[in-house]
Protein chains: 4
Amino acid sequence: MEWSEKQLQILEVAEELFAEKSYEGTSVRDIAQKAEVNIAMISYYFGSKEKLLEALIEYRASYAAGVVDELEKKGITDPQRKMDRLIDFYVERILVNHRFHNIMSRQLSMISEEKLRNKMIDIKQKNMELVRKVILEGQRKKVFRKVDVDLTMATITGTISQVTLAKGYYCKLMNAEDLEFSEYISKMKTRVKTHLKQLIGAHLDIKNA
Amino acid sequence: MEWSEKQLQILEVAEELFAEKSYEGTSVRDIAQKAEVNIAMISYYFGSKEKLLEALIEYRASYAAGVVDELEKKGITDPQRKMDRLIDFYVERILVNHRFHNIMSRQLSMISEEKLRNKMIDIKQKNMELVRKVILEGQRKKVFRKVDVDLTMATITGTISQVTLAKGYYCKLMNAEDLEFSEYISKMKTRVKTHLKQLIGAHLDIKNA
Amino acid sequence: MEWSEKQLQILEVAEELFAEKSYEGTSVRDIAQKAEVNIAMISYYFGSKEKLLEALIEYRASYAAGVVDELEKKGITDPQRKMDRLIDFYVERILVNHRFHNIMSRQLSMISEEKLRNKMIDIKQKNMELVRKVILEGQRKKVFRKVDVDLTMATITGTISQVTLAKGYYCKLMNAEDLEFSEYISKMKTRVKTHLKQLIGAHLDIKNA
Amino acid sequence: MEWSEKQLQILEVAEELFAEKSYEGTSVRDIAQKAEVNIAMISYYFGSKEKLLEALIEYRASYAAGVVDELEKKGITDPQRKMDRLIDFYVERILVNHRFHNIMSRQLSMISEEKLRNKMIDIKQKNMELVRKVILEGQRKKVFRKVDVDLTMATITGTISQVTLAKGYYCKLMNAEDLEFSEYISKMKTRVKTHLKQLIGAHLDIKNA
DNA sequence: CATGAATGAGAGTTCATTCAT
DNA sequence: GATGAATGAACTCTCATTCAT
């Protein structure tokens with residue numbers, strides 16, 4: 001799907017506001033005003049508020065997909081190093097797209113519309129497929145031990161999510177309460193990468209079995 | 001604070017609906033209707049919709065507090081075993097109160113009202129303080145290695161959150177799409193406990209350093 | 001009608017709030033809260049909000065009536081001096097009861113309930129009857145000239161009303177914007193008396209014909 | 001400010017109902033229904049009920065302003081005649097706009113919103129400035145004696161107000177209880193003009209000093 | 001006799017959407 | 001293709017009043 005400049009403007013603003021105030025807590029007026037377009041435009045361009053959310057998900061999902069493929073092409077064979085790269089990649093990606101990620105994780109448990117729901121699950125699944133593949137490969141190579149693969153994926157996304165969702169809490173822990181979101185993100189990025197690599201490394205390492 | 005039976009009824013229903021459709025997506029009408037009380041009762045009892053959320057948080061928070069103390073009194077000295085117990089406890093607690101937990105994690109990044117926000121952060125902090133204490137103790141005893149304590153806590157809550165928030169996704173992975181929430185929870189409970197104990201165990205174990 | 005202490009308390013507060021925020025703009029809750037009685041008391045004691053207004057009017061009206069009689073008994077014969085005394089009396093009375101007076105003048109044009117409406121008109125009529133009598137007497141004695149008696153009465157009450165209703169305006173004219181109501185009243189009292197005596201004096205004096 | 005036809009319709013109806021039932025006693029539903037517009041239009045056009053009142057005041061105030069200038073241009077030099085003309089003008093104006101005038105005099109003592117309050121006081125002040133000017137001029141020319149100028153203005157507006165506010169009372173005095181408002185107004189107009197000219201004339205005339 | 005609990009009705013406002021142009 | 005005007009529905013909250021105790 002191709003979007004006009006105005007449509008992109010709306011999508012960006014919608015993402016920002018949905019992340020900040022939730023889908024339900026954001027009115028199309030808010031979006032229209034911040035995007036400096038007429039209120040009627042949202043219905044006109046996207047059909048409805050719900051369709052706008054759908055469009056946003058489609059838009060971000062498609063954008064993300066390409067990057068996954070790119071990573072796969074790099075020729076790294078050692079499972080341990082592959083996993084480290086994957087963690088770098090996921091942390092980077094989720095933290096850069098933290099707004100979209102927050103919307104997704106909040107909405108996933110709420111959306112009842114079949115099609116959209118499946119779309120969201122599908123995105124999640126695609127994103128995690130790589131992790132599964134690498135883990136299974138490592139197990140085959142007797143480098144990784146037997147673990148709960150699904151929950152290992154839950155740990156990776158869960159840990160990163162936690163960092164984006166509970167900014168207020170972690171800022172307080174760091175005694176840096178009025179940190180801008182972007183500053184916060186860049187401060188946490190390396191910490192999260194290091195933590196997850198160590199965590200998942202020890203978790204998977206067959207020598208620890 | 002003591003609540004009457006009708007007030008409890010409202011709180012219970014509010015929790016259910018806030019979890020299901022978000023705070024913003026739930027109207028006081030919805031709550032009144034499901035709780036089978038007059039719509040004016042919500043304002044009458046709690047003052048406003050926001051105060052109802054506040055009351056809910058206070059109600060659930062106080063309920064949880066006692067349990068933490070109780071755990072502390074059990075005389076377990078081995079840090080590894082202590083941590084295992086803690087994980088059992090947290091998984092149990094978050095999964096049993098998954099609705100409240102979801103509300104909290106969704107709302108934490110959105111509530112702007114100072115007092116309520118601090119309350120929520122406070123609850124989170126109190127809940128995690130025990131984990132911090134056990135980790136630090138284990139490190140002192142040279143049983144645990146040096147780790148990022150804050151992020152270790154993020155991993156614990158993040159992993160559990162992930163399981164409650166992304167039911168749809170994990171159901172699909174298990175090919176059990178129409179599972180009731182309670183069935184899903186009981187199915188996941190032991191898996192999550194086992195996974196986290198293994199994960200955090202390997203993470204903290206000084207022998208893996 | 002005899003009122004209990006609590007009822008009087010309610011009546012006083014009602015008068016204060018009706019004057020300040022109008023009958024419609026005052027809720028029974030406001031009254032109950034300020035009078036420190038249970039909300040249900042207003043309906044319980046007076047039947048309804050409207051009946052409370054009725055009771056208030058009755059209460060204040062009866063209180064005022066006695067004073068009129070008292071004045072009549074003083075043996076002053078000169079119409080000019082009689083009129084001066086009457087003006088003193090009315091200014092005093094309206095300014096002292098400015099709250100009740102404001103309620104009356106605001107409500108008179110709005111009350112549709114027949115009985116209450118008549119009651120209010122009756123009070124006004126009784127109050128003014130004395131003026132009419134003195135003017136007619138003065139005319140009979142060839143001391144006062146022919147004037148529009150009804151409108152002369154309108155001038156007296158209108159002038160005083162103006163002073164109580166437009167405090168903000170007159171305070172601004174006097175460069176004393178934050179004057180307390182009671183201070184304002186005592187400041188204006190003599191001014192209004194002097195003005196009205198001079199005004200009505202010149203108006204009625206047959207020598208000015 | 002320019003108003004559309006529908007907006008004017010709302011303003012007219014609002015004026016009518018505010019005058020009849022007071023601002024607080026009139027609901028936006030009442031206005032919408034009588035003006036035959038959707039209830040949401042009031043917020044849509046004016047922002048809120050309070051802003052509607054503000055708009056009404058602005059609308060009526062601006063309408064009146066032009067007329068004052070017009071009067072000033074007529075070349076009348078004799079202060080007595082000037083005052084007579086002014087009285088004719090004010091009586092005419094207040095009685096024609098009796099509804100707006102009533103709203104103003106009722107609301108002036110109640111509005112707490114700073115800006116609107118000042119606006120109202122400003123209107124009153126502008127309206128009365130001319131009277132002050134003429135009186136001072138007459139005093140300079142030794143035609144008028146020394147009087148309380150502010151209260152002389154209070155007398156003029158107070159007398160006219162009294163006539164508009166206490167229709168019920170004066171109708172009863174005239175034994176014409178079921179008079180239409182417009183009939184009542186036209187009946188009183190000349191009476192009020194004559195009365196006030198005589199009253200204020202005698203009041204100001206230096207020969208009566 | 002007095003009152004806390006409860007309620008239906010209605011308050012002002014905002015919502016997402018539609019429609020005529 | 002784009003938009004200002006308009007709308008019905010729904011929102012949260014407060015109203016005056018009633019009723020069981």
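Throughout, protein chains are lettered first and strands after them, A, B, ... in sequence-line order, and every chain is numbered starting at 1.
Residues A:L17 and A:Y23 form no side-chain contact, since every pair of their non-hydrogen atoms from C-beta on lies 4.5 Å or further apart. Residues D:E20 and C:M110 have side chains not in contact (no heavy-atom distance under 4.5 Å, counting atoms from C-beta outward).
Using a 4.0 Å heavy-atom distance criterion, B:S4 is classed as making no nucleic acid contact. When heavy atoms are screened at a 4.0 angstrom cut-off, B:F46 is found touching no nucleic acid atom at all. Contacts of A:I42 with the nucleic acid, taken as non-hydrogen atoms under 4.0 Å apart, are absent.
If you take CD1 of B:I39 and C1' of E:dG10, they are 12 Å apart, rounded to a whole angstrom. Between the C1' atom of E:dT14 and the NZ atom of A:K21 lies a distance of 12 Å, rounded to the nearest Å. Atom CD in B:E5 sits about 15 Å away from atom P in E:dA5, given to the nearest Å. Between C:K51 atom NZ and F:dT17 atom C1' there is a gap of 12 Å when expressed in whole angstrom units. Residue A:E24 contributes atom CD, which lies 14 Å from atom P of E:dC15 at whole-angstrom precision. Nucleotide E:dT13 holds its C1' atom 15 Å from the NZ atom of B:K49, rounded to whole Å. The CE-C1' distance, from A:M41 to E:dT17, rounds to 14 Å in whole Å. Here the P atom of nucleotide E:dA16 and the CG atom of A:L52 are 11 Å apart, to the nearest Å.
E:dA11 is paired with F:dT12 under the Watson-Crick or G-U wobble criterion, all donor-acceptor distances under 3.5 Å. Across all strands shown, the partner of F:dA20 is E:dT3, judged by Watson-Crick or G-U wobble contacts whose two distances both fall under 3.5 Å.
Between E:dC15 and A:S27, a contact under 4.0 Å exists linking OP1 or OP2 to a side-chain N or O. Neither OP1 nor OP2 of E:dA2 sits under 4.0 Å from any side-chain N or O of C:N38. A close approach under 4.0 Å does not occur between any side-chain nitrogen or oxygen of B:K6 and OP1 or OP2 of E:dG4. The side chain of A:Y44 places no N or O atom within less than 4.0 Å of a non-bridging phosphate oxygen (OP1 or OP2) of F:dT3.
When each of C:D30 and B:V28 is assigned the nucleotide of DNA chain F bearing its nearest heavy atom, the one mapping closer to the 5' terminus is B:V28. Place C:A40 and A:S48 on DNA chain E by their nearest nucleotides, and C:A40 ends up nearer the 5' end.
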(message) Checking D:Q7 against D:E12 for the side chain to side chain donor-acceptor pair (under 3.5 Å) test, could you report, in this order, the C-alpha distance in whole Å, the side-chain angles of both residues, the deciding distance, and whether it holds?
(response) CA-CA 9 Å; D:Q7 285 170 314; D:E12 298 302 335; over 6 Å; no
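For E:dG12, its base sits under 3.5 Å from the side chain of D:R29 at one donor and acceptor pair at least.
Heavy atoms from other residues, nucleotides or ligands lying under 6.0 Å from NZ of C:K51 number 12 at most.
A side-chain donor-acceptor contact under 3.5 Å links A:S105 to the backbone of A:N102.
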